[in-house]
Undergrad: 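Structure below; questions to follow.
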Amino acid sequence: MKEKIEIVEGDITKQEVDAIVNAANTSLLGGGGVDGAIHRAAGPELLEETRKIGGCPTGEARVSKGYRLPAKWVIHTVGPVWRGGQKNEETLLANCYRNSLQEAVKIGAKTIAFPGISTGVYSFPLERATEIAMTEAKTFLESHETIEEVVFVCFGEKALKTYQDVFARVFG
Ligand code: ADP
């Protein structure tokens, strides 16, 4: 299982995978952070499509095409805003990873790249978020053989170190 996990530092919009995951907001109309970067790189057709989708509740996922991105699809998921940990944040974040992977299976994507959902403006503690990401990926891969590669794209060195440490714990 662990050989299907890859941890890289870089920009998710540059990833040559079948699908990249967007840490979107419930409107699906774009925003800052990774969402803004994905919309800029994909081009205006992406917003046209996500406007038609008409929003996405927290924890769920929706699929669009990737347009000018190297990735064929974008899986938009909405992470929880961290409000101290008593508002179901952990379950909702786990749902984001599981539902995104489920969408990947449905569209036949074999390779998928994730950003650190909720770990930017939404302030989810990085280490706990990373544990949830890794645990959900592990559990999912154990029961779904069609996914060949899950790439965790770390934005910056601190995130990279955290992902490597958590990977060693979860898969070690
Ligand atoms: P959220 O609102 O879910 O917290 P953000 O976009 O603010 O979403 O941040 C999510 C994560 O994506 C953060 O860890 C941030 O550092 C990272 N990030 C921002 N831009 C990019 C990018 N171009 N590629 C990969 N990760 C990115």
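Predicted, not measured: the structure shown is a model, and the values here were computed from it. Numbering of ligands and ligand atoms starts at 1, following listing order.
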Undergrad: If you link ILVMFWY side chains whenever their heavy atoms are less than 4.5 Å apart, which other residues fall into the same cluster as Leu92? By chain and number, please.
TA: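 Members alongside Leu92: none; it stands by itself.
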Undergrad: Supply the members, apart from Leu29, of the Ile/Leu/Val/Met/Phe/Trp/Tyr cluster built from side-chain contacts under 4.5 Å; use none for a lone residue.
TA: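 Once heavy-atom contacts under 4.5 Å are chained together, Leu29 belongs with Leu47.
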Undergrad: Do Val151 and Phe114 come close enough that some side-chain heavy atom pair is under 4.5 Å?
TA: no
Undergrad: Using a 4.5 Å cut-off on heavy atoms from C-beta on, say whether the side chain of Glu6 contacts that of Val150.
TA: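 No, too far: nothing below the 4.5 Å cut-off.
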Undergrad: Have Tyr163 and Glu9 got a donor and an acceptor in their side chains that come within less than 3.5 Å?
TA: no
Undergrad: Report all N/O contacts between ligand 1 and the protein shorter than 3.5 Å as a table of atom names and distances to 0.1 Å; if there are none, say 'none'.
TA:
unit_1   : atom_1 : unit_2 : atom_2 : d
ligand 1 : 3 (O)  : Ser118 : N      : 2.9
ligand 1 : 4 (O)  : Gly120 : N      : 2.9
ligand 1 : 4 (O)  : Val121 : N      : 3.2
ligand 1 : 4 (O)  : Tyr122 : N      : 3.0
ligand 1 : 6 (O)  : Val34  : N      : 2.8
ligand 1 : 7 (O)  : Val121 : N      : 2.8
ligand 1 : 9 (O)  : Gly120 : N      : 3.4
ligand 1 : 14 (O) : Thr119 : OG1    : 2.7
ligand 1 : 23 (N) : Asp11  : OD1    : 3.0
ligand 1 : 24 (N) : Ile12  : N      : 3.0

Undergrad: Just jot down the side chain to side chain contact (heavy atoms under 4.5 Å, CB included) partners of Glu131, sequence neighbours excluded, or say none.
TA: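 Glu127, Arg128, Val166, Arg169.
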